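Structure first, then comments.
What you see is a predicted model, and the numbers here were worked out from it, not measured in a lab. Keep in mind that the numbers below use all heavy atoms, side chains included, and drop hydrogens, waters and symmetry copies.
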Amino acid sequence: MKPLVLIVEDEAALVTMLRYNLEKEGFAVCEAGDGEEALLQIAERKPDLVLLDWMLPLVSGIEVCRRIRRAPHSRSLPVIMLTARGEEGDRVRGLDSGADDYIVKPFSPSELIARLRAVMRRARPAAGEEVLRFADVAMNLAQHRVTRGGRPIHLGPTEFRLLRFLMQHPGRVFSREQLLDQVWGHDVYVEPRTVDVHIRRLRKALNEEAASDLVRTVRSAGYALDARR
Ligand code: CA
């Protein structure tokens with residue numbers, strides 16, 4: 001699968017140039033014209049790297065970068081800041097906000113590609129690191145990716161946390177209340193019934209293509225991850 005790069009830039013000509021060069025080098029590309037759109041795309045498309053312009057309408061690139069770092073699902077997402085400013089102070093601020101690298105405009109496409117590859121190399125977790133496995137399901141925590149039998153599974157943030165918790169305790173039965181505490185947190189008021197809704201979504205996502213159901217419902221007790229049928 002081609003690595004996916006999200007370009008966050010409001011200048012159309014620059015987006016066209018970046019897209020052309022990235023696609024030529026074998027990357028897949030998605031775009032966002034402002035910070036809000038960028039955060040949405042990150043949650044939905046789960047890019048492998050973000051090229052983030054500093055000067056954006058509404059929310060600045062710096063603020064977008066901070067929000068990327070604050071959200072658990074994007075904490076380790078590689079970010080390269082693009083900017084026209086070259087002063088040392090700005091550079092430090094960019095890196096302080098959590099960017100992995102910083103490129104000053106104008107830059108050559110080959111420089112950009114080289115820096116991008118370097119950042120991606122550094123971000124890739126070591127083999128066997130941060131991957132949970134259960135039956136034919138693999139969950140890469142750093143990349144926030146789930147596969148079943150090698151096929152990608154798309155989960156919402158709650159289903160992801162729910163599956164992560166179940167995969168950390170395979171075979172154990174948890175009541176709805178326990179799952180609420182562990183997955184949603186103690187301070188959040190959520191109806192126990194909500195757990196059923198998210199379990200249903202998780203099942204649906206995991207069991208595409210008529211694979212065996214890995215989520216066991218234990219009547220009046222709760223749920224467990226279980227491969228024995
Ligand atoms: Ca801009």
*Please tell me if the side chains of T147 and V137 come closer than 4.5 Å, counting only heavy atoms from C-beta onward.*
no

*asked:* So, using salt bridge (Lys or Arg N to Asp or Glu O under 4.0 Å) as the criterion, who are the partners of R69 when residues are at least two apart?
replied: D100

_Co-membership, hydrophobic cluster, residues I80 and I113, 4.5 Å side-chain_ = yes

Please tabulate, for side-chain N and O atoms in residues 70-79, each donor-acceptor pair with protein atoms closer than 3.5 Å (sequence neighbours left out).
residue : atom : partner : partner atom : Å
S74     : OG   : I68     : O            : 2.6
R75     : NH2  : R70     : O            : 3.4
S76     : OG   : A142    : O            : 3.1

*Do you see a donor-acceptor pair shorter than 3.5 Å between the side chains of E37 and Q41?*
yes

_Partner residues of V197 under the side-chain contact (heavy atoms from CB on, under 4.5 Å) criterion, sequence neighbours left out_ = R200, R201

*Could you tell me which residues satisfy ring pair (Phe, Tyr, Trp, His ring centres under 6.0 Å) with H154, sequence neighbours excluded, listed by chain and number?*
none

*Rounded distance [0.5 Å steps], NZ in K204 versus CD1 in I199*: 15.5 Å

*Does the pair L225 and M167 meet the rule for a side chain to side chain contact (heavy atoms under 4.5 Å, CB included), with working shown?*
CA-CA 7 Å; L225 200 61; M167 286 186 77; 3.5 Å; yes

*Scan for side chain to side chain donor-acceptor pair (under 3.5 Å) pairs involving residues 10-24, sequence neighbours excluded, and state none if there are none.*
R19-E23, R19-E31

*asked:* Before you tell me yes or no, could you show the steps for V5 and M120 under side chain to side chain contact (heavy atoms under 4.5 Å, CB included), namely the whole-Å CA-CA distance, both residues' side-chain angles and the distance that decides it to 0.1 Å?
replied: CA-CA 10 Å; V5 176; M120 276 189 164; 4.3 Å; yes

*Heavy-atom pair of closest approach, residues V15 and I7*: O-CD1, 4.2 Å

*Pairs involving residues 133-142, ordered by first then second residue, that meet salt bridge (charged side-chain N to carboxylate O under 4.0 Å, His left out) (sequence neighbours left out)*: D136-R148

_Student check: side-chain heavy atoms of I103 and L112 closer than 4.5 Å_ = yes

*Grab the two heavy atoms, one from G61 and one from L52, that are nearest each other, plus how far apart they are.*
O-CD2, 3.3 Å

*Could you pull out the closest heavy-atom pair between L6 and A38, with the gap in Å?*
CD2-O, 3.8 Å

_Q178 (side chain) donor-acceptor with S175 (main chain) under 3.5 angstrom_ = yes

_Tell me the closest heavy-atom pair linking P3 and G26, and the distance in Å._
CD-O, 4.0 Å

*D196: what forms a salt bridge (Lys or Arg N to Asp or Glu O under 4.0 Å) with it, not counting sequence neighbours?*
R176

*asked:* Which residues pass the salt bridge (Lys or Arg N to Asp or Glu O under 4.0 Å) test with R172, not counting sequence neighbours?
replied: none

*Flag the pair R67 and E36 as a salt bridge only when some basic side-chain nitrogen lies within less than 4.0 angstrom of an acidic carboxylate oxygen.*
yes

*Gap between atom CG of L162 and atom CG of L166 - 0.5 Å precision*: 5.0 Å

_Shortest non-hydrogen contact from L14 toward E9_ = CD2-OE1, 3.1 Å

*Is L58 reachable from I42 through a run of I, L, V, M, F, W or Y residues, each pair having side-chain heavy atoms under 4.5 Å apart?*
yes

*Any link between V173 and F134 through a network of hydrophobic side chains (Ile, Leu, Val, Met, Phe, Trp, Tyr) touching at under 4.5 Å?*
no

_Are R161 and Q182 packed together at the side-chain level, in the sense that at least one heavy-atom pair is separated by less than 4.5 angstrom?_
no

*Hydrophobic side-chain clustering at under 4.5 Å (ILVMFWY, transitive links): who's grouped with L4? Put none if nobody.*
none

_Trace of the side chain to side chain contact (heavy atoms under 4.5 Å, CB included) decision for L22 with V29_ = CA-CA 7 Å; L22 287 167; V29 172; 3.7 Å; yes

*Please name all residues satisfying ring pair (Phe, Tyr, Trp, His ring centres under 6.0 Å) with F27, sequence neighbours left out, ordered by chain then number.*
none

*Do the non-hydrogen side-chain atoms of L51 and V8 ever get within less than 4.5 Å of each other?*
no

*Could you tell me how the ring of F160 sits relative to the ring of H144: parallel (under 30°), tilted (30 to 60°) or perpendicular (over 60°)?*
parallel

*Could you pull out all residues at least two apart from E111 that satisfy salt bridge (Lys or Arg N to Asp or Glu O under 4.0 Å)?*
R115

*asked:* Run L82 and Y102 through side chain to side chain contact (heavy atoms under 4.5 Å, CB included) and show every step you take.
replied: CA-CA 6 Å; L82 300 178; Y102 182 99; over 6 Å; no

*Going by the salt bridge (charged side-chain N to carboxylate O under 4.0 Å, His left out) test, which pairs reach into residues 39-59, not counting sequence neighbours?*
D48-R145, D53-K105

*Hey, are the side chains of R203 and T217 touching, using non-hydrogen atoms and a 4.5 Å cut-off?*
yes

*Hey, quick one: are F165 and L180 part of the same hydrophobic cluster, counting side-chain heavy atoms closer than 4.5 Å, chains of contacts allowed?*
yes

_Is there a side-chain contact between L155 and L163 in this structure, where contact means two heavy atoms from C-beta onward sitting under 4.5 Å apart?_
yes

*Rounded to the nearest 0.5 Å, what's the gap from CE on M55 to CD1 on I62? Could you check?*
11.0 Å

*asked:* Looking at R216 and Y223, would you say the former's side chain and the latter's main chain have a donor-acceptor pair under 3.5 Å?
replied: no

*Which pair of heavy atoms, one from G98 and one from C65, lies closest together, and at what distance?*
C-SG, 3.7 Å

